[in-house]
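Below is one structure; the comments refer to it alone.
Remember, it's 1-based here, ligands and their atoms both numbered in the order they're listed. Positions are given from 1, in the same order as the sequence printed here. Keep in mind that the numbers below use all heavy atoms, side chains included, and drop hydrogens, waters and symmetry copies. Keep in mind that this is a model prediction, so the values were computed, not measured.
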Amino acid sequence: MDLGQIAQYCYNLTTSYLRIENATSVISETQDAIKLTRRCFLDDIFPTWSPLNSEISFSYNGGKDCQALLLLYLSCIWEFFLLTLEHSLYDPKYHAFPLKELPTVFIDHEQTFSTLEEFVATSSKRYCLSLYESGRDNERDTSMADAFKKYLEVHPEMKAFVIGIRHTDPYAANLKAIQRTDANWPDFVRLQPFLHWKLANVWSFLIYSNEPICGLYGLGLTSIGSINNTLPNPHLKVDQDDKPNLMFQWEIEHAFSDSKDASGEAVNVSTVNAADLKLLNQPQDRYLPGWYLTDDSLERAGRIKKE
Ligand code: ATP
């Protein structure tokens, strides 16, 4: 698929989720969350910063939050594209989509899991991202702010960045959907239309989407940091007598697909790299997959605090 096609696919997927009726309470809450994010993009963000002429870059690290937001961003870009054609005499299919790749930035500043790096690479292809990767090699000590400064030196046309941060993330309780960076950061606008999302909303939408998600979540990770500070979430450890209760069975069974014969049987996860498997999959311990955890306050319990 090219960028126009994947944006249209994400639009169809989002519309399909919004049309679900009388399923579960988490689905109706997530539908409200999607509607708010969509209004933020279409009414507040795109009239000022167009996603079609490289004023916005998407901050992407392959994590679940930015992936869920990316699906919605693409969906809204498709709607925005259709709006720009409103007065055209010709059907949208006769108009070429104006962008080939979506500007995206990945600050690869920590020692990342190979599975995550591989997932960033495969998902970048699927979503037609033009991925600027900072970090790597000898630049890994650079701070996030300096990495963005460098990116802006290469891409001075960028005015704003979409970020998949949520109010329940550390230091995010008082953030706003649209705000300028703090004084100690390079000057740009932070676009944060995902703040109101809860963990359960993220899983519900991602699982229904049927898009491959990073395989590390399947090993009990619930938030992915560096290799040195991320473990399976201790609240997902399984005792033999546990009968785990999954909140998203409906989403698995009715997962989105544009092909009629696809059947939803399991969550779609990317392949885990053998070295990561060895590191995280300790035979003495068993963990449920990350999507069994829906308590926002425990999301980062698998992150080891740095001394
Ligand atoms: P998870 O918490 O499961 O790892 P996530 O990485 O999407 O998911 P956070 O770690 O809470 O979520 O980060 C919030 C947002 O900040 C991301 O969604 C992304 O937009 C941005 N972000 C975080 N780290 C990076 C990075 N290294 N490079 C680019 N963007 C990043």
- Query: Looking only at N/O atoms, are Ile107 and ligand 1 under 3.5 Å apart anywhere?
  - Reply: yes

- Item | Ile34 reachable from Leu36 in the ILVMFWY side-chain graph, under 4.5 Å edges | no

- Before giving the answer on ring pair (Phe, Tyr, Trp, His ring centres under 6.0 Å), spell out for Phe106 and Tyr60 the whole-Å C-alpha distance, their side-chain angles and the decisive distance to 0.1 Å. CA-CA 5 Å; Phe106 174 35; Tyr60 185 70; 7.7 Å; no

Would you list the atom pairs, donor with acceptor, under 3.5 Å between side chains in residues 152-160 and any protein atom, with sequence neighbours excluded?
from: His155; atom 1: ND1; to: Glu157; atom 2: OE2; distance (Å): 3.0
from: Lys159; atom 1: NZ; to: Glu157; atom 2: O; distance (Å): 3.3

- Query: Taking N or O atoms only and a 3.5 Å limit, does Tyr217 qualify as a polar contact for ligand 1?
  - Reply: yes

- Note on the structure: Near Asp169 (heavy-atom distance under 4.0 Å), the atoms of ligand 1 are 11 (O)

- In this structure, atom 4 (O) of ligand 1 is nearest to the protein heavy atom Ile224 N, 2.9 Å

- Any idea which protein heavy atom is nearest atom 16 (O) of ligand 1, and the distance to it? Ile163 CG2, 3.5 Å

- Message: Pairs of nitrogen or oxygen atoms closer than 3.5 Å, one from Cys66 and one from ligand 1: do any exist?
- Response: yes

- Below 4.0 angstrom from a heavy atom of Gly63, which ligand 1 atoms are there? Numbered from 1 as shown, please. 5 (P), 6 (O), 7 (O), 8 (O)

- Nearest protein heavy atom with distance in Å, relative to atom 24 (N) of ligand 1: Asn61 ND2, 3.3 Å

- Looking only at distances, please establish whether an N/O atom of ligand 1 is found under 3.5 Å from an N/O atom of Ser59. yes

- Message: Tell me whether Thr112 contacts the main-chain N or O of Asp108 through its side chain, where contact means a donor paired with an acceptor under 3.5 Å.
- Response: no

- Message: How close do Ile163 and Ser59 get, counting heavy atoms only, and between which atoms?
- Response: CG1-CB, 4.1 Å

- Query: Is it true that atom CG of Asn174 has more than 12 heavy atoms of other residues, nucleotides or ligands lying nearer than 6.0 Å?
  - Reply: no

- The single option from Phe188, Phe58, Trp49, Trp185 passing ring pair (Phe, Tyr, Trp, His ring centres under 6.0 Å) against Phe161: Phe188

- Query: Among all protein non-hydrogen atoms, which one is nearest to atom 8 (O) of ligand 1, and what is the separation to 0.1 Å?
  - Reply: Asp65 OD2, 3.3 Å

- For ligand 1, the portion of Arg300 having any non-hydrogen atom under 4.0 Å away: side chain

- Item | Within residues 61-74 or reaching into it, pairs that qualify as side chain to side chain donor-acceptor pair (under 3.5 Å) - sequence neighbours excluded | Lys64-Glu299, Asp65-Arg166, Gln67-Tyr127

- Query: Mind checking whether Met144 has an N or O less than 3.5 Å away from an N or O of ligand 1?
  - Reply: no

- Task: Measure the shortest side-chain to side-chain distance between Glu211 and Asn268 over non-hydrogen atoms and say whether it is less than 4.5 angstrom.
- Result: no

- Measure Val105 to ligand 1 on non-hydrogen atoms and call it side chain, backbone, both or neither using the 4.0 Å cut-off. backbone

- Query: Side chains of Ser50 and Glu55: do they bring a donor and an acceptor to under 3.5 Å?
  - Reply: no

- Does Thr222 have a non-hydrogen atom less than 4.0 Å from ligand 1? yes

- Message: Checking a contact table here: which protein heavy atom is nearest atom 2 (O) of ligand 1, and how many Å away?
- Response: Ser223 OG, 2.9 Å

- Message: Can you tell me how far apart OH (Tyr217) and OG (Ser270) are? Round to the nearest 0.5 Å.
- Response: 10.5 Å

- Query: Can you find a protein heavy atom under 4.0 Å from atom 6 (O) of ligand 1?
  - Reply: yes

- Query: Any N/O of Ile165 closer than 3.5 Å to an N/O of ligand 1?
  - Reply: no

